Undergrad: 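Structure provided below as structure tokens; questions to follow.
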Amino acid sequence: MRSTTLFMRTLMLAGVLSVAAASAHAACADDIAPQPEKGSWKSPKARAVAPADSATEGSTAEVLTPQAQLQLIAREAAKRSALVGAAKLLADAAAYDIEETRGATLPQISMNGTLGPAYSRYAGETLKKGSQITGTLNASGVIYDGGRLNALTQYRREMAGAAQYGLQATREQVVLEAVSTALERNRYRTQAKVYQQYARKMSCLVEALEQIVEVDRGRASELVQARKTQAQAELARDNALTTSRQVEIRLRKLVGDQANIGEGIAGPLTQTMEAGEIIRLLEQSNEMQQMRLQAEGAMRYAESVEAGQKPQVSWVANSTGGVQGDTKSLAVQGGLSVSYNLFNGGSDKAASAAAARRAEAARRQYEETLNTKTSRAFEVQELASGAFDRARRYVEVLKDSERVRNSTFQQWSQLGKRSLFDVMSAEGDHFNLRVAYVNALHDGYQANAQLRSMGGGLMRWLGVEER
């Protein structure tokens with residue numbers, strides 16, 4: 001009789017365990033992710049990570065294409081940046097420097113006058129006494145200066161051009177920072193969604209194990225382990241959400257609160273540039289053009305310093321008139337003015353040599369920077385290619401991981417051939433692979449954004465007008 005009762009209890013326990021396991025399989029079926037596709041991740045159905053995620057997706061983000069969203073980021077970041085505003089003022093100042101130098105090549109006319117009491121005395125006898133008015137008109141112009149003013153004007157033009165490229169380079173830096181920040185925010189948002197799905201799966205297992213432990217206290221350790229893993233997944237999700245909100249603050253600082261940027265902005269950044277295109281665009285980049293003009297400007301300045309040591313020939317004319325009492329006077333002079341420094345202790349040669357050395361240093365800095373940036377561009381290209389290659393390989397591994405986790409879960413829930421620890425290990429491996437896949441993709445996106453910025457520039461690539 002006792003053996004019959006024990007047998008019936010065993011059957012009842014097995015039935016309860018089977019029903020609980022089947023319930024767990026049915027409840028968690030929606031959390032089993034589909035096969036990822038190459039080039040993009042198709043997220044499985046999951047509940048919203050947090051209300052803040054959906055709230056930040058405004059109507060603009062729902063309508064605009066990924067290309068249009070990147071253009072919006074570029075425009076807003078360039079418009080709001082104080083650094084861009086400062087660079088624009090410097091470019092304007094450099095343009096005024098051209099006008100100042102060019103004005104020196106034109107005739108110079110000046111006038112001055114005096115009004116006040118006058119008194120003159122000679123040999124003890126007063127000759128004139130009373131108010132006096134005098135005026136002087138001076139005019140001069142350069143006839144020959146060895147090309148000094150022309151070289152100096154050309155130097156100003158080169159520096160103004162360099163300032164314009166500096167303005168565009170500053171815009172590019174600001175836009176790259178904004179795009180990279182948006183991509184980084186999306187990285188952590190996507191991570192949070194993956195961890196949320198992981199936590200959901202562990203929640204299903206916890207619910208099933210709670211039913212099992214009610215009839216089989218010997219499996220309480222499995223429930224503790226499942227709850228611990230669920231708490232770890234939730235902690236990872238919360239950390240990712242916290243980081244994404246911190247990055248969101250930086251993004252809002254760059255683009256403002258009105259620019260609603262969605263998560264689907266990375267599509268145009270999946271294409272990696274070829275090596276030849278990188279070299280061609282790198283030489284035309286704003287920063288390299290700025291350095292090239294600075295080097296050429298230094299050469300023009302050295303020419304102006306050398307020309308200043310040659311004879312300087314100018315024409316001069318002046319007229320002076322005055323009225324004192326009933327007496328009027330007028331004097332007119334004109335002629336040529338020649339100046340040439342015969343000896344100044346060698347300072348002229350030292351100044352010329354110093355300017356020539358600075359010009360050569362600027363040229364070598366340009367060459368070194370070009371070589372350094374070319375090498376860096378190839379490194380970034382390798383980073384982008386390697387990141388997308390890892391992402392493709394993760395896709396293949398995830399397919400096998402999907403099969404393993406499904407099989408392990410079914411063997412545990414339906415056949416009892418696997419332990420809960422096997423199930424959690426398979427789930428942990430799978431979701432860690434998904435996070436690694438997300439990181440690989442975003443590493444590639446950011447590397448490609450940097451490549452575009454180093455080359456022709458993100459603004460030019462996006463078709464955003466540079467003002």
Side-chain angles (χ1 to χ4, degrees), residues 13-36 41-55 187-245 263 398-399 401-439:
L13 178 60
V16 171
L17 295 177
S18 176
V19 170
S23 174
H25 180 75
C28 299
D30 289 342
D31 290 298
I32 299 176
Q35 299 294 337
W41 173 258
K42 299 295 184 181
S43 299
K45 291 182 179 180
R47 296 181 181 178
V49 176
D53 283 344
S54 58
R187 177 201 297 266
Y188 289 107
R189 281 189 173 185
T190 308
Q191 284 184 9
K193 290 181 180 180
V194 173
Y195 285 126
Q196 172 68 6
Q197 293 160 12
Y198 188 17
R200 282 287 302 151
K201 188 60 181 288
M202 291 299 102
S203 175
C204 291
L205 292 177
V206 167
E207 292 174 3
L209 284 167
E210 286 174 347
Q211 299 178 37
I212 293 173
V213 169
E214 288 180 358
V215 295
D216 185 2
R217 294 293 181 181
R219 302 183 65 174
S221 61
E222 293 183 356
L223 177 58
V224 173
Q225 180 67 24
R227 285 174 174 168
K228 180 179 78 72
T229 306
Q230 178 187 358
Q232 289 174 332
E234 291 172 348
L235 180 60
R237 176 204 62 197
D238 293 342
N239 286 337
L241 281 174
T242 299
T243 305
S244 73
R245 285 192 289 267
E263 297 183 13
L398 277 166
K399 290 178 181 179
S401 174
E402 182 71 23
R403 288 191 286 267
V404 169
R405 70 191 288 256
N406 286 340
S407 298
T408 304
F409 187 79
Q410 290 174 356
Q411 290 173 0
W412 172 77
S413 63
Q414 297 177 0
L415 304 177
K417 292 184 177 180
R418 291 294 188 96
S419 68
L420 177 68
F421 299 101
D422 294 330
V423 173
M424 289 189 295
S425 176
E427 294 292 336
D429 289 342
H430 180 77
F431 283 101
N432 286 335
L433 284 171
R434 285 181 59 182
V435 171
Y437 173 76
V438 169
N439 288 334

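Remember, predicted model here, so these are calculated numbers, not experimental data.
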Undergrad: Using the ring-ring contact (aromatic ring centres under 6.0 Å, His included) criterion, which residues pair with Tyr195? Sequence neighbours excluded.
TA: none

Undergrad: Checking Thr242 side chain against Asp238 main chain: does a donor-acceptor pair fall under 3.5 Å?
TA: yes

Undergrad: Indicate yes or no: at least one non-hydrogen side-chain atom of Lys201 is less than 4.5 angstrom from one of Phe409.
TA: yes

Undergrad: Considering non-hydrogen atoms only, spot the tightest contact between Leu398 and Arg434 and give its length.
TA: CD2-CG, 3.6 Å

Undergrad: Does any part of the side chain of Arg189, heavy atoms only, come nearer than 4.5 Å to the side chain of Lys193, both counted from C-beta?
TA: no

Undergrad: How close do Ala192 and Arg237 get, counting heavy atoms only, and between which atoms?
TA: O-CG, 3.6 Å

Undergrad: For Val423 and Gln411, what are the C-alpha separation, side-chain angles and deciding distance, and is it a side chain to side chain contact (heavy atoms under 4.5 Å, CB included)?
TA: CA-CA 9 Å; Val423 173; Gln411 290 173 0; over 6 Å; no

Undergrad: How long is the span from the CZ atom in Phe431 to the CD atom in Gln196, to the nearest 0.5 Å?
TA: 10.5 Å

Undergrad: To the nearest 0.5 Å, how far apart are CZ in Arg403 and OG1 in Thr408?
TA: 12.5 Å

Undergrad: Nearest 0.5 Å, please: how far is CD in Gln197 from OG in Ser203?
TA: 13.5 Å

Undergrad: Going from CD on Gln191 to CG on Asn439, what distance comes out if it is rounded to the nearest 0.5 angstrom?
TA: 4.5 Å

Undergrad: Under 3.5 Å, sequence neighbours excluded: what are the donor-acceptor pairs made by side chains of residues 222-232?
TA:
residue, atom, partner, partner atom, Å
Glu222, OE1, Arg219, NE, 3.1
Glu222, OE1, Arg219, NH2, 3.1
Arg227, NH2, Glu210, OE2, 3.0
Thr229, OG1, Gln225, O, 3.0
Gln230, NE2, Glu234, OE2, 3.1

Undergrad: Using every non-hydrogen atom in the two residues, find where Ser244 and Tyr188 come nearest and quote the distance to one decimal.
TA: CB-CB, 3.7 Å

